[in-house]
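Predicted, not measured: the structure shown is a model, and the values here were computed from it.
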Amino acid sequence: MGMALTLQTGSRGNDVANLQRQLAAQGYNPGSADGIYGPRTRRAVEAFQQAQGIGVDGIAGRRTFEKLQAARNTDSFDAGNTTGVTPRRTGDYRELVDFARARGFTVTSTNGGRHNVGSSHYEGRAIDVRTRDKTNAQVEQFIREARAAGYHVGDERRRPAGQAVWSGPHLHLEIR
Ligand SMILES: [Zn+2]
């Protein structure tokens, strides 16, 4: 292996485009995958670093790439799609991601990972949101707002009866 890859404002090329695609796949918005590390890409890197709890410097270095790799392994079509279903509405989940993040909630899964067979996650129109770091009142408020926005909300703070796969307490948001 060569030197560890570090990308930052001003960097250009395929590595930057790959970084942009990986950020987009995690629900961040670095702009188009144009291979130019500009302000939007820097802000997306900062948001990702913040969410991952690593140092926020807007520079994609070893830790950032490790976290992206880990996120990809646990949450991607490639790693987790056991159904072979081609996503019908890929990208829709990003509006759910924005909705949750704008309200201070952490998105734990989007279009990948392990879900029940036939899950809307595999169609790119659902996300899961962490609840254990929020109060009941905050969660209830979030559910009301999500429903008011027209999203289907599955309250999976307890394992739904008969559900094969359950990753712990969360809300399931879905575009129907
Ligand atoms: Zn879900």
Over all heavy atoms of both residues, which pair between [X] and [Y] is shortest? Give the atoms and the distance, please.
X    : Y    : result
W166 : P169 : CZ2-N, 3.5 Å
E156 : P160 : CG-CG, 3.8 Å
L68  : L19  : CD1-CD1, 3.5 Å
A146 : V153 : CB-CG2, 3.6 Å
G58  : Y37  : O-OH, 2.6 Å
S120 : A126 : OG-CB, 3.3 Å

Using a 6.0 Å cut-off, check whether atom [atom1] of [X] has over 12 heavy atoms from anything other than its own residue.
X    : atom1 : answer
E145 : CD    : yes
N14  : CG    : no
R159 : CZ    : yes

Test side chain to side chain contact (heavy atoms under 4.5 Å, CB included) applied to T108 and V129, step by step | CA-CA 6 Å; T108 56; V129 174; over 6 Å; no
Are R42 and E46 within salt-bridge range, i.e. N to O under 4.0 Å?
-> yes
Is the shortest side-chain N to carboxylate O distance from E95 to R101 below 4.0 Å?
->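 Salt bridge flag = no for R101 with E95.
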Going by heavy atoms in the side chains, are [X] and [Y] under 4.5 Å from each other?
X    : Y    : answer
I54  : K67  : yes
Y93  : I175 : no
L173 : H152 : no
L23  : V45  : yes
L171 : I143 : yes
L7   : I59  : no

Side-chain donor/acceptor of Q138 to backbone N/O of T135, under 3.5 Å = yes
Ring-ring centroid check F142 F99, cutoff 6.0 Å | yes
F105 ring centre to K134 NZ or CZ under 6.0 Å, with the angle to the axis within 45°?
->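 Because its charged atom sits under 6.0 Å from the ring centre and within 45° of the axis, K134 does stack over F105.
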So, is the end of the R63 side chain (NZ or CZ) under 6.0 Å from the ring centre of F65 and within 45° of the ring's axis?
-> no
For side chain to side chain contact (heavy atoms under 4.5 Å, CB included), just list the numbers for Q8 and T6, CA-CA rounded to whole Å, side-chain angles, deciding distance to a tenth of an Å, and then say yes or no.
-> CA-CA 7 Å; Q8 55 195 302; T6 298; 4.2 Å; yes
Please lay out, stage by stage, how E140 and R157 fare under the test salt bridge (charged side-chain N to carboxylate O under 4.0 Å, His left out).
-> CA-CA 11 Å; E140 296 299 335; R157 282 177 284 176; 2.8 Å; yes
Got a second to check how far T131's OG1 is from D155's CG, nearest 0.5 Å?
-> 8.0 Å
Take H172 and E174, measure what side chain to side chain donor-acceptor pair (under 3.5 Å) needs, and give me the verdict at the end.
-> CA-CA 7 Å; H172 170 94; E174 181 177 324; 2.8 Å; yes
Candidate list T41, D15, N29, test side-chain hydrogen bond (donor to acceptor under 3.5 Å, both in side chains), partner Q20, passing option = T41
